[in-house]
K.L.:
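Before we start, here is the structure in question, set down as structure tokens.
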Amino acid sequence: MSIRTKRYIGAAGSHLGLSVLALICLIPFLWMLSTSLKTKQNMWLFPPQFWPVHPRWQNYIDAFSFAPFARYITNTLTLEFFIILGQVVSCTLIAYGFSRFKFRGREVLFFVMLATMLIPEQVTMIPLFLLFSKMNWVDTYLPLIVPAYFGNAFYVFLMRQYLMTIPKDLDEAAKIDGANELQILWRVLVPILRPSLTIIIVYTFTGVYNDFMGPLIYLNTPEKFTLAVGLANFVSSRGTEWNLLMSASTVVLVPLLLIYYVAQRNLIGGIASLGIKG
Amino acid sequence: MTKQVLSKSERREERMGYLFILPWIIGFLAFAAFPIAASLLLSFTKWDIYKAPSWVGLSNFQRLFQDELFYKSMKVTLTYSAFSIPLSLVLGLGLSLLLNLKIKGIDFYRTLFYLPSVITGVAISMVWMWIFNDGYGLLNYLLSLIGIEGPHWFKDPNWVLPAYVIMSLWGVGGSAIMFLGGLQNIPGHLYEAAKIDGASVFQRFYKVTLPLLTPTLFFLLLMGIIGSFQVFTIAYIMNGRGAGGPDNAGLFYMLYLYQKAFKSFDMGYASAMAWVGGLISLVLALIVYRTQNKWVYYEAGDTGKGEKA
């Protein structure tokens, strides 16, 4: 066999292997979509139908009329907006402070900040709940939003690493032109920082979108529920109507899939560039 | 040493620096330092949030070590990690080798396999619940095609944990992408040299690839241990509204902590649980950390600080 043929066979084999794995990876989504379009009777067929002959789009309308999903979407997006804003602003300022200014104790404080990433969430969860309930913040969005305005160790770290690679000459030039510290940050550095800002925005978005425990603990009134908690609540009210549950799940997952599609380079690149060096 | 005298501009720089990191300092005091101290104090009290807390000394810890469900939840969590972590490391490594091939459309596959690690949370948990349905689920149907009568999964205490492990393996693309980052950092000349020395494909894998991937392996192992003590959302949904599952076979540590704190409002007890769980995962992580000299390979010049803090 020539090397060329061998190579072709090799490539074909790899493609075959990868496609099978890709299918396994996609099956849950396809099954969700297919179930979401089935009638009640079709759903309980065994062997199951892979794709309904007459897709029932009505399921989506039903799901929306049985639970206030539009409301949950608005709530989730409101939270997203305020949390992302907080993270972006606070992490940029903090990373700027840690990377561009000399002050006593800087290295120690930076190390302490990194160490906070190791604090297990379950330890801080209970005192924070008690604190927020003393402040009468339970059943409001404040416990979920306010902490975002005080930075996040991981994002600050990410951004500070990025800032360290930007030469200080740019700052100096702007300083000579009479810009103050905030102007330098806003006019000179932020435009360059866009890639790491995108990573923070995308990570925060998916984090908030998937967060279940926070809203579960803090929100009591159904009108305030996020999509995650609303969907979990929907399960208990519509126990076995899997077709409706799957249409609701599809509605919840679509924005996440879209964001993933748009930001895939940043996400995968971001993870890979965390650079566990070999 | 003479006292350092800062010039006017240096003093201004220092002030500005503190000013910019001020949000973090406040956040650190309010959302890290205070809760840690408070949590430690709380673990020595009895508090149901309605009445004032009362000091009970070590009694929460004594109760904890006599609590069968505490041992059960620990067993569930550790058994889960004992299977899900090694399996996802091995499969993730295998997948990353495939994803490192230089073939057409490889970017598409990378994107696809990473997808499950972004999709966590309630919606996908519900999809799994339906797939694992014992009577009409897709999984048991596929098993029946090859002549296997599927188990009752979430209704059978023996099959609850295997189901959780299977679900965790669906997210193996996440670790594959991490391994891929490591693979791409391996300089090609090492392979060339090994080839010239007559090393076979397998020898090249064991002698070159694997040693150079050990830092990634180490990092993922640590993350896996910490992560299994945080399993919550999927268990809350799959077991049904935060219950423990049949015979509490799905009672993950975090889930039990949640039950104690937010269902029975036993805040002191739950704080004690948080500390014990935190310490156990810390000890496990430290054991792994201490063994790294034996198996984690860092390139010369890299001072053993390859792991990310």
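Worth knowing before you read on, the calculation uses all heavy atoms, side chains too, and leaves out hydrogens, waters and symmetry mates. We name chains A, B, ... by the order of the sequence lines, and we start the count at 1 in each one.
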K.L.:
A/Tyr260 side chain to B/Thr111 main-chain N or O, any donor-acceptor pair under 3.5 Å?
P.N.:
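Indeed, once roles are kept as given, a pair shorter than 3.5 Å links the two residues.
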K.L.:
Examine whether an atom of B/Met273 lies under 4.5 Å from a heavy atom of chain A, and if so say whether it belongs to the side chain, the backbone or both; otherwise answer neither.
P.N.:
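It is neither, since no heavy atom gets under 4.5 Å.
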K.L.:
Are B/Arg15 and A/Glu181 ion-paired here, with the side-chain N under 4.0 Å from a carboxylate O?
P.N.:
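Between A/Glu181 and B/Arg15 there is no salt bridge, as every charged N stays at least 4.0 Å from the carboxylate O atoms.
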K.L.:
Check the orientation of A/Phe132 and B/Phe31. Use parallel for under 30°, tilted for 30 to 60°, and perpendicular for over 60°.
P.N.:
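It falls in the tilted class, 30° to 60°.
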K.L.:
Side chain, backbone, both or neither: which part of A/Tyr261 has a heavy atom under 4.5 Å from chain B?
P.N.:
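Interface part for A/Tyr261: neither.
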K.L.:
Can you say whether A/Met213 sits under 4.5 Å from chain B via the side chain, the backbone, both, or neither, judging by heavy atoms?
P.N.:
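Both parts, backbone and side chain.
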K.L.:
Side chain from CB out, backbone as N, CA, C, O: work out which of these in A/Leu231 comes under 4.5 Å of a heavy atom of chain B, or both, or neither.
P.N.:
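For A/Leu231, the contact with chain B is made by backbone and side chain together.
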K.L.:
Do the side chain of A/Gln122 and the main chain of B/Gln230 share a donor and acceptor less than 3.5 angstrom apart?
P.N.:
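Not a single qualifying donor-acceptor pair exists.
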K.L.:
Taking B/Glu10 first and then A/Lys102, would you say they form a salt bridge - that is, a charged N and a carboxylate O separated by under 4.0 Å?
P.N.:
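Salt bridge flag = no for A/Lys102 with B/Glu10.
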K.L.:
Would you check if the distance from the ring center of B/Trp170 to the ring center of A/Phe29 is below 6.0 Å?
P.N.:
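Here the rings of A/Phe29 and B/Trp170 have centres that are less than 6.0 Å from each other.
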K.L.:
Is the B/Tyr109 ring parallel, tilted or perpendicular to the A/His15 ring (thresholds 30°, 60°)?
P.N.:
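Rings of B/Tyr109 and A/His15: tilted, 30 to 60°.
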K.L.:
Has the side chain of B/Tyr258 got a donor or acceptor atom that lies under 3.5 Å from a matching backbone atom of A/Ile217?
P.N.:
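Pair absent, no side-chain N/O of B/Tyr258 close to backbone of A/Ile217.
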K.L.:
Select one option (side chain, backbone, both, neither) describing which atoms of A/Arg106 are under 4.5 Å from chain B's heavy atoms.
P.N.:
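The answer is neither part of A/Arg106.
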